[in-house]
Q: 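First, the structure itself, so that you have it in front of you.
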Amino acid sequence: MSTTLPFAQTETRSNYLNVDYGWKSWLFTTDHKRIALLYLFSITAFFFVGGAFAVGMRLNLLTPEGLFAHDTYNKLFTMHGIIMVFFFLVPSIPATLGNFLVPIMIGARDLAFPRINLLSWYLYIIGGVIALTAVVQGGVDTGWTFYAPFSSTYSNTHVILTAIGVFVSGFSSILTGLNFIVTIHTMRAPGMTWGRLPLFVWGHYATSLIQVLGTPVIAITLVLLGLERILHAGIFDPAVGGDPVLFQHLFWFYSHPAVYIMILPGMAVISEIIACFSRKSIFGYTFVAISSIAIAVLGFLVWGHHLFVAGQSMYASMVFSFLSFLVAIPSAIKVFNWTATMYKGSVSYETPMLYAFGFIGLFTIGGLTGLFLATMAIDVHVTDTYFVIAHFHYVMVGGMVMAYLGGIHFWFPKISGRMYPEGWAKFAALIVFVGFNLTFFPQFILGYQGMPRRYAHYPPEFQVLNVMSTAGASILAVGYLIPMIYLAWAWRNGPKAPQNPWNAKGLEWEQSPTPPPTFNFDHQPVVTEPAYNYSGEEQEVELGRQ
Amino acid sequence: MSHQVVPVKVYAAVFGALLALTITTVAVSKLDLGEYNFIAAMTIAVIKATLVVMFFMDVRHATSMTKLFVGAGLFWMAILLVFVLSDYLSRGWLPGLRWL
Amino acid sequence: MADSEATVAVHEPDLRHHFDDSAQQLDSSTLGMWVFLVTEVMFFGGMFGAYTVYRNMYPDAFASTSHFMNVTIGAINTGVLICSSFTMVLAVRSAQLGQKKAIIAFLVLTLILGCVFLSLKYVEYHEKWVDHHIPGPSFQYQDPRYVHQAQILFFLYFAMTGMHAIHMIVGAGLLITLIVMAARNRFSSAWYTPVEMIGLYWHFVDIVWIFLFPLLYLIGHTK
């Protein structure tokens, strides 16, 4: 069953890390695990670039009159948004943990298209370099939402260059999604039926559907935007017959489902962590699996809630508002099911579980405030204020980033073959939680009191809450830096990990060595039990060995 | 796929139908049918596309999963068109507020 | 069990190591190409959406611009693409039957027809250039009531047909690759997946044109 294989603890056997050395073996690899690591390093780098812009913003907001020129501030929040959304959040879990784990979890030797996987990383890097070039040349000041006609006609910043960067990285996202969909359909091991798939895989499948169906629309929108900037034909310019709301429709058709691209993988990680550290199968597995697909589908029907005050027709707004309420239901189902999983489970408090607790609480707050925003009567007052900013940071940072950190810690032993220092990790998790809430809870109040977003200046009565928020941000930054340090340390110097340090269920823990060899398994796995079979310990499990 | 080979006759028949439908759509466009010009042209286009998908792309022999993905693609484009149009078409319905 | 699988893998032609057998590999390739085509549907769909909105908003301006569309060239081009789809499907069929010379012949015909399409497109674009109907600083329109709306509609015309033409050029490049591969005996009746996959792509590009033609050239014509 899940016994520790003896040779994992003695000398280093051949695994995907030591099978080959040298830069060519990394830059020309087709091994999904190595590509996952390539992504991990690049995504982390972009996270800190985006974070640097946030530092600039929060420093500016310490005083009512600000620190930077208005134009500079506009560029800060724009670049923060663009880098965080397109170059960190969208790829984060799928490209790192998804790439690493999806093939192993389904019992395959690699993804369906390994070379396309590598191409996907190169497109991400090229897109990122182009975007960074735009930053270095002076940046963009349109907001990450690129609203026309400012972006198409009036802004004199590097809109086209940035748009090209986002366009190219969008193809990276599409190819990753395509790869996952095909892999999950065609490369499952014998016995790995859809009903036995780990919820991590279900979550990534749903995410991939969104990536494939939504990203092309923002791609074409950016093309039209770029052409408009060059030709000034007027497609989005009301002065010459165009409709700026059309840009918003096309932009949000992708960008709303994009937020589900960002959160579904986080939820996928949480399912795995909660099952393991409650030593129980996820309550309502089928409901959680179907909820992932429901979120993906319903997520495409709600984008108009970003256009409530833009001039969208009242009737369309009502339809979008109603559908936005509906899309909250599958998310709520998941939260209830995770809670029910923990009930009468054998709960332990390792670092991944701490992040999972944080996720459940903070995502719930973020999600509920989303319902406030879906209510048109409330949205009219709080739209474009810090209320919206607090809402999406609760789900994205309090939700997604905590899930990401939880997942990194949970699978760190599998990926690196070593254990991270648990004491430091718990400490950092606590710092992150405190820092996060201190940063973003005041912003709910600020928004409710009327402080608009994207403003470099604000009335003096908002200063106290802004100072609290900046203080929280500095604590949060420390909370993010600490894991960078101890994880880098542990990679080389941490104690060697046993095959299954958490005694978790799942092919990646039970049948793949730690760290895995290049083709993931020593023997083709054959699956005979349902996912999360924590209570079936006495059951005979056929491991497929002969 | 690696299954039965379709006789050339079938492909030739589809080819002939596609050309005939093209000639038809051009001819119909020259008549003034008001609103029905659009419906006629789109109907013919849909028939042509269906022929290409079913016969030239061999979807009639494809797995249900392939058919599902084809349907999903069309359905998703329909979501975009229908919901965006629903905004534009319902503007000005609210009495007293002509712009919403 | 793993050993016998490895033996099978070595003997099956063109089987990549991470697949268990050719059937799985073919299933993956086919599903992969279809998922890619779905992304293309959404990519063009965005432009069809913009076009629908503006046609709905400016029906009279639209009707006036449709007089400047060259229906003759458009219709011939439609016929050319349909012929190219026919030759493409015959190329795939020849690959199924392992007929190397026929594969190459049909692929070359498809390529030639694609180039005919692109040449006619060039003629059309040149006409538009002469008429000052290319959006931008040199745009001029005969009917002063509709100058702005016409520019938007021509913008969409060029965006949609231009994007389609780019896809045709990529398709031509892919066809050249296939011709070279076929000439080097890479295909057999046991493995001809690239021919089939690029065939699917080519048919898709044809379908986009099947919709572009009536929408851009034929409707509003009689007003």
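Sequence lines set the chain letters: A, B, ... in the order given, protein chains first and strands last, and positions in each chain run from 1.
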Q: Applying ring-ring contact (aromatic ring centres under 6.0 Å, His included), name anything that partners C/W202, two or more places apart in sequence or on another chain.
A: none
Q: So for C/M88, is it side chain, backbone, both, or neither that comes closer than 4.5 Å to the heavy atoms of chain B?
A: neither
Q: Please list, chain by chain and in numerical order, all residues satisfying ring-ring contact (aromatic ring centres under 6.0 Å, His included) with C/F106, sequence neighbours excluded.
A: none
Q: Could you work out, with salt bridge (charged side-chain N to carboxylate O under 4.0 Å, His left out) as the rule, every residue matching C/D143, not counting sequence neighbours?
A: C/R145
Q: Work out which heavy atom in C/F204 is nearest to a heavy atom in B/M57; give both atom names and the distance.
A: N-CE, 4.1 Å
Q: Nearest 0.5 Å, please: how far is CD1 in B/I44 from CD1 in C/I210?
A: 12.0 Å
Q: Select one option (side chain, backbone, both, neither) describing which atoms of C/L90 are under 4.5 Å from chain B's heavy atoms.
A: side chain
Q: How about residues 39-50 of chain C versus chain B: which residues have heavy atoms under 4.5 Å apart?
A: C/V41, C/M42, C/G45, C/G46, C/F48, C/G49
Q: Please look at C/L31 and chain B and tell me whether the side chain, the backbone, both or neither of the residue comes under 4.5 angstrom of a heavy atom of that chain.
A: side chain
Q: Check B/F56 against C/V89 and note the closest heavy-atom contact, atom names and distance.
A: O-CG2, 3.6 Å
Q: Using non-hydrogen atoms only, which part of C/D206 is less than 4.5 Å away from chain B: side chain, backbone, both, or neither?
A: side chain
Q: Of the listed residues (B/A45, B/A41, B/G73), which shares the most heavy-atom pairs with chain C below a 4.5 Å separation?
A: B/A45
Q: So which of B/T25, B/L74, B/V14, B/V84 has the largest heavy-atom pair count under 4.5 angstrom toward chain C?
A: B/T25
